[in-house]
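Each remark here refers to the structure printed beneath this line.
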Amino acid sequence: MLTPEPLPFPSSQPPRAARLLDTPLQSFLRGCHATFLADENGAVADYIPELGKVDPDPFGIAVATVDGFVYEVGDTGIPFTIQSISKAMVFAFALDLLGPETVEAAIGVEPSGEAFNSIRLLPDNRPFNAMVNSGAIACCSLIANAEGEGAFDVIHAMLNRYAGRTLEVDEAVFQSERATGDRNRAIAYLLRNHGGIKGDVDHLLDTYFRQCSILVTARDLAVMGASLANHGVNPITGETVASNYAVARTLAVMSSSGMYDFAGEWIYRVGLPAKSGVGGGILAALPSQLGFGTFSPRLDTHGNSVRGIRTCEAVSEAFDLHMLSRWNDVRSCVLADYDFRAVPPQPGRETRQQRILEARSNAIRVLELAGKLSFATMDYVSRRLADPAGLPDFLILNLHRVSTITDAAMRLFIDMLKGQIPPTTTVVVAGVDSASPVAPRIRALKDEGLRVRIYPTYDAAVEWAEDQVVYRYGALSQPAVEVELKHQPLLAGFAPQELEDFVGLGAKTAYPAGVRLVAADQPSDRVYFLLKGMVSTRTASGTRIGTLIPGMSFGEMALLEEPSVADVWSESEVSCLEVTREQFHAFQEAHPRAAGRITHNLARLLAGRMRMATARIGLLTG
Ligand code: GLN
């Protein structure tokens with residue numbers, strides 16, 4: 001109900017001994033691993049001497065889904081330095097920390113088409129983008145300006161949140177790069193010369209080199225990628241790691257520039273926003289679906305992992321994961337669209353109410369919606385409701401199976417309520433519990449005077465809508481006419497004289513709406529015959545049990561000297577005939593036969609209510 005439900009499947013990899021069947025994707029990844037393991041092309045990066053020492057052979061593939069499952073094949077637990085992959089998350093972090101204006105003023109978003117360590121800048125002396133070293137160093141400088149000495153710690157903590165665990169730093173790689181990183185120093189001095197960065201260059205580069213020396217695994221990269229794919233929410237920890245805005249912009253720059261001078265080829269062939277690092281890792285993210293993490297240290301001439309590229313190409317091609325090849329059909333969001341001609345009224349309705357509901361079966365229309373309500377699906381829903389002839393008195397939108405509502409969909413929904421749905425139709429939103437973030441937004445619309453209501457369950461929504469139909473077409477359609485007493489089930493079988501004498505006993509009373517006429521568990525001395533208006537029966541805590549309309553009685557328990565089982569409230573102005581127990585006893589003396597009828601009728605009435613209660617329990621528990 002608008003909050004992702006935890007899946008029964010384990011969210012992290014089970015112990016290797018656990019016997020789980022291979023899903024098709026698991027088998028496919030296993031096949032990729034076996035095939036590409038044989039590819040020993042490329043060479044480990046050795047411009048950082050310590051990196052030159054790493055074992056070139058490990059190969060790991062991990063895929064994390066946005067519902068929090070991680071597939072792992074091969075060496076997915078071996079740590080390696082994150083290197084340039086950190087640039088993506090650090091850019092997103094800077095956008096959130098400092099705001100887009102500050103970041104965009106300092107760093108461009110143009111693809112450079114050049115190697116990661118290119119020294120070239122844009123004509124206005126900004127780095128091309130944050131995925132190449134110059135932009136990443138500028139980004140690091142922005143964070144250092146804001147965070148001072150603590151800059152590395154906040155970057156480290158941020159990456160920990162993406163991975164969902166505490167990551168270590170490879171001190172040896174850090175020292176090695178620090179000792180040999182003159183090209184990065186040159187870039188930093190050039191930036192400082194143009195005013196692009198401030199402060200001590202060595203100090204700043206320590207933060208940058210340390211950021212690159214954070215140790216991750218292929219599994220970590222997959223989870224980080226899934227956090228980006230999952231609009232900034234780590235699907236395993238549930239923690240929000242970045243805003244939607246920052247994630248979308250970061251994925252944009254990754255798409256155009258994440259793979260250095262191979263970026264154009266990559267986005268054309270593989271079609272996934274991605275970022276690689278000279279440590280041998282590749283992170284890729286397919287929005288709303290999954291994150292990839294691969295690790296294999298042998299790099300091609302662009303500095304991208306050879307086996308990693310081949311794996312991503314193979315998976316993307318096999319399953320058509322190219323981000324610009326999408327197949328969603330908006331129509332699948334409407335599971336059902338019906339009125340009540342095909343549906344019997346909720347069990348527990350008294351016969352007269354049932355007849356009203358059957359006669360007005362087109363007064364309630366239900367749309368059962370499912371999945372994600374986005375711009376396109378909500379537009380489709382609004383077009384289904386564009387024909388005024390199809391708009392009933394009550395339109396129930398059952399969102400029980402809806403997982404998310406995007407801001408765009410919410411906006412269309414609000415505009416639909418304000419501009420499209422006429423005031424003769426009340427929209428009843430069902431299946432939204434009060435903890436959902438959508439609930440206050442819908443309640444606010446109600447406060448603005450729009451005809452919209454919200455119920456946690458479909459049954460509660462239907463019950464309310466049915467009550468309204470009964471009230472509108474049963475009670476309100478003849479507000480001036482009082483129902484004659486001979487139609488009261490309690491007085492069925494009375495002879496005309498008996499009826500006349502009985503009416504003569506009681507007092508006719510009128511009440512405004514909103515009065516409690518009978519209180520649960522309180523002794524009462526009278527029975528009420530409803531002549532006009534509508535009353536509801538409720539539990540002492542206020543839950544509505546049912547609706548009574550003219551021709552029905554309540555408070556009959558008083559005749560048995562028993563307290564009422566429910567509260568009875570007037571829902572409109574009502575008029576009743578009230579007969580006290582004493583009056584009834586006097587009547588009994590004079591008309592023993594008729595009094596016997598009442599006892600008989602009362603037993604039938606109570607049996608009928610028992611049947612309704614049983615039906616309702618069946619409805620709730622079945
Ligand atoms: N630390 C490396 C550098 O700045 C990162 C480069 C990379 O992974 N492409 O040279």
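For ligands, and for the atoms within them, numbers begin at 1 and follow the listed sequence. Quick caveat, the model's predicted, so the values are computed rather than measured.
When each atom of ligand 1 is checked for a heavy atom of Asn133 under 4.0 Å away, the hits are 3 (C), 4 (O), 10 (O). Using a 4.0 Å cut-off to heavy atoms of Phe116, the atoms of ligand 1 that qualify are 6 (C), 9 (N), 10 (O). Residue Gly277 has at least one heavy-atom neighbour below 4.0 Å for each of these atoms of ligand 1: 8 (O). Numbered from 1 in the order shown, with element, the atoms of ligand 1 that lie under 4.0 Å from a heavy atom of Tyr47 read 2 (C), 3 (C), 5 (C), 6 (C), 10 (O).
Between the choices Lys275, Arg183, Gln83, Glu177, the shortest heavy-atom distance to atom 3 (C) of ligand 1 belongs to Glu177.
For Asp220 and Thr217, the side-chain atoms include at least one donor-acceptor pair closer than 3.5 Å. Between the side chains of Asn234 and Glu239, no donor-acceptor pair is found at a separation under 3.5 Å.
Shortest contact from atom 4 (O) of ligand 1 to any protein heavy atom: Tyr208 OH, 2.6 Å.
A salt bridge between Asp407 and Arg441 is present, with a side-chain N of the basic residue lying under 4.0 Å from a carboxylate O of the acidic one.
Contact analysis puts Asn184 in contact with ligand 1, with a non-hydrogen atom separation below 4.0 angstrom. Not a single heavy atom of Phe209 sits less than 4.0 Å from an atom of ligand 1.
In Ser84, the parts holding a heavy atom less than 4.0 Å from any atom of ligand 1 are both the side chain and the backbone.
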